[in-house]
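Treat the numbers as computed from the prediction; the structure is a model and nothing was measured.
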Amino acid sequence: MGTASSLVSPGEVIEDGYGGEGGEACEIPVEVKPKARLLRSSFRRGPRVIGASFKSTGSVDLEYAAEYERLRKEYEIFRVSKNNEISSMQKKEAKLDEENKRLRAELQALQKTYQKILREKESALEAKYQAMERAATFEHDRDKVKRQFKIFRETKEKEIQDLLRAKRDLEAKLQQLQAQGIQVYDPNDSDSDDNQTTVTATGTQCEYWAGGVLGSEPSMGSMMQLQQTFKGPEFAHSLIDVEGPFANVSRDDWDAAVASLLQVSPHVRQALWSNTVRCYLIFTQETKAELDIFIKKHSPVLRKMCEDLGHFYLNVFFPEESAASYTVERKQEIERSSVCVLLLKSTVTSSVVEDCEEAFVKNPDGHPLVLYLRTGEDHSLTGSTRQLLERINAADKAAKLKVVDHSGSADDGAALIYTDLDKIIKQELLGLEGADVDSKDPGIEEGHEEDSGDMLWDLHDEQEQIESYQQACSSNVSQLGFQKYIDCLNDMITAPPPTPPLLVSGGPGSGKSLLLSKWIELQQKQSPNTLFLYHFVDRPLSISSEPVLIIKRLTVKLLQHFWSISGFSMEPSKILEEFPRWLERLSARHQGNIIIIIDSIDQIQQAERHMKWLIDPLPVNVRVVVSVNVETCPQAWRLWPTLHLDPLSPREVRSVVCAECQSMDLKLTKDQEKKLERHCRSASTCNALYVTLLARMITSQSCWSQEKSLEQCLQCQDTMSLYQLALKMMLNSLSTDKEQHILREILCLVCASHNGVSESEILDLFSELELPVLSSMLYHLNRLCIVTVRCGLIRFQHLQAWEAVRLQFLGGGSSSANYREKLIHYFSQQLSQDHVTWRVADELPWLLQQQEDRPKLQRSLLNLFVSQNLYKRGHFSELLTYWQYVGKDKNSMATEYFDSLKHYEKSCEGEDSMTKLANLYETLGRFLKDLGLPSQAVAPLQRSLEIRETALDPDHPSVARSLHQLAGVYVQWKKYGNAEQLYKQALEISENAYGAEHASVARELESLAVLYQKQNKYEQAEKLRKRSVKIRQKTARQKGHMYGFTLLRRRALQLEELTLGKDSADCAKTLNELGTITFNISRTLDYLKFYFKPMRQRVLGPDHPDCAQSLNNLAALHTERREYEAAEDMYERALDIRKKALSPDHPSLAYTLKHLAMLYKRRGKLDKAVPLYELSLEIREKSFGPKHPSVATALVNLAVIYCQLKKHSDALPLYERALKVYEDSLGRSHPRVGETLKNLAVLSYEEGDFEKAAELYKRAMEIKEAEPSLVCGNAPSRHSSSGDTFSLRGPAPLPHAPR
């Protein structure tokens, strides 16, 4: 064994196996002692052992010592290692504590950073929302400021217009002084004949007042100066130098008349009472056989014809034995009748004589009359019959009576009556003019569609509104004290803009509808230039309360003042969205005011949501008046200016009751008057409806005495209870239980229906009911304010009457389902017979929806004729609502229609059925196109085209319709090349079929014009649009749509009153103006020669300046008829008169020179036109100065003449001078500057300077493209003359004479 020093050497390193991280090395210091000392010490341990040898004892001790030392060293090593381990652990712990602290600090920092970022995020979101709110507020404020600025601008423009009118009045007075020989000239004056321009500032576009051909300068002695809208500078190259022959018609009257003339809404014929052809038959026992045969055999044919055309047909007759009981009813029926037929043989009765006196003698011109006189071999007339025929013959001064003298059988006589009635109904009542009704699909429907273009319009909705207004106007409201409310309405309407809608409020039955109708009637008389758009809402759930149909009707009424309606959409959401835009566009163009009246607006479904446009600021010349019930008025509308209708005062109550008593020749006692006065003091017993109904019940000839009626009425404390008493009184007045039952059934059916029930439908439903009894019931119900007849349908007069019937007879509506089932059965029978009328389409789907019968509703919609009827009458939204209720989307609905059409096509044979099939395919295609499914619309439209080309003829007008609709789909797809080709094909077919001046041709021209506008081909679009406008003007006059000239007729009547006196200068002047207006109505020259010349020649002499004006007018008429030689002679005579009577620089002389020069130019006599244009230029320069726009116009006219004579060097300085005058006075962007630049461009091109020509033409096109849009895209400005420039290259060819 070695010593301890052998274990560890000094300086040796021992690795710590228990150490920390990575075996940390430690130096262990070891003390080493000398060996001798160690040996000595070993002998000193313990006692000395006796007997042991020295060697063994020492050896053992040494071994123990060595073991001890080894163990001690191991312990020391273990201790040191553990200490090192503890030290390492402590260091590690300290290090971990430090790391933990660092991580904790970092965590706290991250938490703080997170909280900070979170707060920043929240603040950023809040800032974002605030910014969005500020942006929305800014947008709203910006729009509001824009609208306010627009209103301010329009207000100022209106003030400027007023100043211009005042200026023209002063000019008229100045010309009166000139006529009296006082020569006063002002260099700032303008000639009234040539496009006067008022310059407000450099670059400002000013208003033009134009000269037409005829009489644009005022009469020398006239007190009024009549103007016309500007038609453009008379450039010699223009296609139309002057549009229209007259200028002495007031601008406002002319604009209103033209707007009405071009309206797209159909004309409601006044020959029919409430959309019903009522044939009143007067007969005797001797001619009853003919009557019976006619009713059984021929009457159904007439009825079917009328119903297919959207009208009702009703035979009205009273048997002799009961006629005396219905005196009042007979008189009323004669007044309402459309045609009266008298069937006589030899004798007459007193009732026949009475009816003949009323229908044939007192009012022979009120309606067409037919006299059927049955003769025979032994025919001899009694004295009374002969006297009656003599009176009828004497009353027939206009020879309108149609006499059928028949001696054959009764069957033949009935056939003759039918033949005459069929002709009268078609030609005189319905205006079909010999059209074959049996072929109505290709003929009549096409004609109607051509009149309205692509617009889908419901004539029945329009007639319902007209009759609602007329019935309210016919009521006597003088006792209701409405004058104070009318004055308030006038004050509120004339308030300065901007003005919110005006609210007319009151309780139910307070007379709001009557007030608005009377106010409209008065305003139309006092302000004929104001456009009134009114809508009367009936009870809830009726068609008149459909918001989309209301807004669509108002939009179409607005669009009738545009030349085109191409931008109109049929989609319900777009109709509601675009109405404010159409309103703003039209208000900017309309010269007068626009007033929109909506009665009972609170009855519209979701009125606040659908009438959002009421909240926005209205244009400056637009006013809106709405009426509401106080209880149902939306809260947001209560802040509007309100006119509240108060209950009637005691004096007004007494006036109403006294008026009713006087009409019935009755008188109340003083005691009864006091009872009424005490009773009618509360708000519920003194409103207009309650008092009117009370007075009529007291004065009605019922089974009750007057005293009992009064006592019963005084127990009713509100209108509802009074209506219930009126129903009870009406039932008690009937003689039999059967009649009472029928009356209840009729009222319940009317209550359960969608829009009411017609008289013919009631007679079908109750076969035992006779017409005299029905007529008597309706007369008394109408008198008791319960029902009325509108558009041929029996409806409730007031909402409270409807409620009373529901409570009294239907148990609050719980029994309505039974009556709806009866109506469903009735209309389903018509549907099963393939007899689909507008009544079936209106009622059946709605009734099935109310009954919640989805399968039957879907089957009825898949009857293609039902859907076609709804769609073609514009009930687009209603049709969509039904399909949504069934649960079908657009694509599945289209699939259902396709399958149904394919199934129907299998049963089609013959030309008529194939024509109907083509119409159905076309309707489906248009419907899908309006739904926004053009890809699915192409297939049915192409199929419709194929069928028409195969079944009819490739050149048939119906083929043009298919081409037109298919082109519309391609336009929607923006495939303009395909669309253009189809439109041109349709145009060619229409021109070949109808001629070049038919409404269908105008429609194709308009469509092509819109297409060219979309392609930025503005010149081509402008030419087509002008041609379309001319065609529409001419066709409207030819078709007799002259109801649009109501304002002109009224003006003509006022002027005509002045002509009744003796010959005078004033009468001559009036005749001249009347002739001007009459020409616009009749367009006949021979009749107008009476107006223009003879009286002035007699009164003033042949050389008076006013005679020159008449000669000008006659010359214009001859020019209009292309009788140029006569026109030239009259212009030359007028020029001679004015040269003698007026100064050489008088504006009227320049007027005659101008038009004579234009006539020379039109006839190709350019050499004779040049000196006249030069003289006209000199006069203008002297009158207005060299820098007036009128002088620039004369310069352009002369320059164009020089160009046509190839004198380009003479024309260039004139063009340049005119351009400078236009730019200085009108601004560099005025349309006249563009026209002059275009002429200069053509001149530069002719001279070979192509770069300059291109530059000038580019600038001209920039000015033209900047002009405002009329309907969609860019459109010609009304200040632009738009002639084609290439006609500068030679004289304009002479137009062909009319064939």
Start with the C-alpha distance between Val328 and Tyr779, add both sets of side-chain angles, then the distance that settles side chain to side chain contact (heavy atoms under 4.5 Å, CB included), and finish with yes or no. CA-CA 9 Å; Val328 178; Tyr779 171 78; 3.4 Å; yes
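- At least one donor-acceptor pair closer than 3.5 Å links the side chain of Glu843 to the backbone N or O of Asn755.
- In this structure the side chain of Asp461 never reaches within 4.5 angstrom of the side chain of Ser544, judged on heavy atoms.
- Across Ala841 and Leu870, no two heavy atoms sit closer than the pair O-CD2, 3.5 Å.
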Worksheet entry | Residue pair Glu286, Thr347: steps toward the side chain to side chain contact (heavy atoms under 4.5 Å, CB included) verdict | CA-CA 8 Å; Glu286 297 172 324; Thr347 61; 3.3 Å; yes
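- Here the straight-line distance linking atom CG of Leu373 with atom CG of Asp405 works out to 5.5 Å at 0.5 Å rounding.
- Between Ile295 and Phe317, some side-chain heavy-atom pair lies under the 4.5 Å cut-off.
- Side-chain N/O atoms of Ser860 and Asn863 include no donor and acceptor closer than 3.5 Å.
- Thr923 and Gln868 share a side-chain donor-acceptor pair at under 3.5 Å.
- Between Asp422 and Lys426 there is a salt bridge, since at least one side-chain N of the basic residue sits less than 4.0 Å from a carboxylate O of the acidic one.
- Applying side-chain contact (heavy atoms from CB on, under 4.5 Å) to Leu421 and the options Leu416, Val277, Val339 leaves one that passes, Val339.
- Using a 3.5 Å distance cut-off with no hydrogens or angles, the side chains of Gln465 and Tyr469 do not pair a donor with an acceptor.
- Screening residues 292-302 for salt bridge (Lys or Arg N to Asp or Glu O under 4.0 Å) gives Lys288-Asp292 as the qualifying pairs, with residues at least two apart or on separate chains.
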### Query
Can you check side chain to side chain donor-acceptor pair (under 3.5 Å) on Ser409 and Asp412, steps first, answer last?
CA-CA 5 Å; Ser409 64; Asp412 294 340; 3.2 Å; yes
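- Residues His298 and Ala414 share a closest heavy-atom pair of CD2-O, 3.8 Å.
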query: Given Arg744 and Glu739, is the salt bridge (charged side-chain N to carboxylate O under 4.0 Å, His left out) satisfied, shown in steps?
result: CA-CA 9 Å; Arg744 285 196 201 93; Glu739 291 180 355; over 6 Å; no
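- The distance from the CD1 atom of Ile293 to the CG atom of Asp411 is 4.0 Å, given to the nearest 0.5 Å.
- Using a cut-off of 4.0 Å between Lys/Arg side-chain N and Asp/Glu carboxylate O, Glu464 and Arg795 are scored as salt-bridged.
- Screening Glu329, Arg330, Glu333 for a side chain to side chain donor-acceptor pair (under 3.5 Å) with Ser775, the sole residue that qualifies is Glu333.
- Looking at heavy atoms from C-beta onward, Val353 lies out of side-chain contact with Ser384 at the 4.5 angstrom threshold.
- Residues Asn315 and Tyr280 have side chains that never bring a donor and an acceptor to within less than 3.5 angstrom of each other.
- Taking the side chain as every heavy atom from C-beta outward, Arg873 and Asp842 approach each other to under 4.5 Å.
- The two residues Pro319 and Pro772 have their closest heavy-atom pair at CD-CG, 4.0 Å.
- From Arg948, atom CZ reaches atom NE2 of His956 across 9.0 Å, with rounding to the nearest 0.5 Å.
- Under 4.0 Å is where a charged nitrogen must lie from a carboxylate oxygen, and between Glu768 and Lys738 no such pair does.
- Few gaps surround CD on Glu335; more than 12 heavy atoms of other groups in view lie less than 6.0 Å from it.
- The pair Arg303-Asp764 meets the salt-bridge criterion, with a side-chain N (NZ, NE, NH1 or NH2) lying under 4.0 Å from an Asp/Glu carboxylate O.
- Although no hydrogens or angles enter the test, the distance criterion places a donor-acceptor pair under 3.5 Å between the side chain of Asn275 and the main chain of Gly310.
- Looking at Glu307 and Tyr313, their side chains never bring a donor and an acceptor atom within 3.5 Å of each other.
- Side-chain contact between Val341 and Cys279 is present, with at least one heavy-atom pair separated by less than 4.5 Å.
- Ion pairing of Glu745 with Lys822 is present here, as a side-chain N (NZ or NE/NH1/NH2) and a carboxylate O approach within less than 4.0 Å.
- Between the side chain of Ser338 and the main chain of Arg278, a donor-acceptor pair closer than 3.5 Å is present.
- Rounding to the nearest 0.5 angstrom, the gap separating the CD atom in Glu462 from the CD atom in Glu467 is 11.0 Å.
- Within a 6.0 Å radius of CD in Glu909, no more than 12 heavy atoms belonging to other residues, nucleotides or ligands are found.
- For the pair His875/Ile543, a side-chain contact is recorded, criterion being any heavy-atom separation below 4.5 Å from C-beta on.
- Separating the CD atom in Glu922 from the OG atom in Ser958 is a distance of 8.0 Å, to the nearest 0.5 Å.
- A donor-acceptor pair is defined here as one N or O able to donate and one able to accept, closer than 3.5 Å; such a pair exists between the side chain of Asp396 and the backbone of Leu401.
- His825 and Gln829 form a side-chain donor-acceptor contact under 3.5 Å, judged by distance and modelled atom types alone.
- In this view, Glu761 and Arg839 satisfy the salt bridge (Lys or Arg N to Asp or Glu O under 4.0 Å) rule, not counting sequence neighbours.
- In this structure, Ser776 OG and Leu778 CG are separated by 9.0 Å, a value rounded to the nearest 0.5 Å.
- One N or O on the side chain of Ser475 and one on the backbone of Gln471 form a donor-acceptor pair closer than 3.5 Å.
- The shortest heavy-atom contact between Lys345 and Thr287 is N-CG2, 4.0 Å.
- Taking the salt bridge (Lys or Arg N to Asp or Glu O under 4.0 Å) definition, one finds that Glu357 meets it with Arg391, sequence neighbours left out.
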query = Where do Cys340 and Phe360 land on the side chain to side chain contact (heavy atoms under 4.5 Å, CB included) test, with the steps shown first?
reply = CA-CA 8 Å; Cys340 291; Phe360 287 77; 4.2 Å; yes
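- Between Tyr904 and Phe865, the ring planes lie perpendicular to each other; the angle is over 60°, past the 30° to 60° tilted range.
- The shortest heavy-atom contact between Thr284 and Val348 is CG2-CA, 4.3 Å.
- In plain terms, the two heavy atoms of Thr385 and Ser346 that are nearest each other are OG1-O, 2.5 Å.
- With 3.5 Å as the limit, one finds no donor-acceptor pair spanning the side chains of Ser274 and Thr276.
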Checklist entry - Does the side chain to side chain contact (heavy atoms under 4.5 Å, CB included) test come out yes or no for Ile417 and Leu343, once each step is laid out? => result CA-CA 9 Å; Ile417 295 173; Leu343 294 85; 3.5 Å; yes
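- Asn782 is not listed as a side-chain neighbour of Ile786, based on a closest heavy-atom distance of 4.5 Å or more.
- A distance-only check finds a donor-acceptor pair linking the side chain of Arg696 to the backbone of Arg783 [under 3.5 Å].
- Salt bridge Asp538/Arg790: present, at least one basic N to carboxylate O contact under 4.0 Å.
- You'll find the side chain of Val789 reaches within 4.5 Å of the side chain of Trp273, heavy atoms only.
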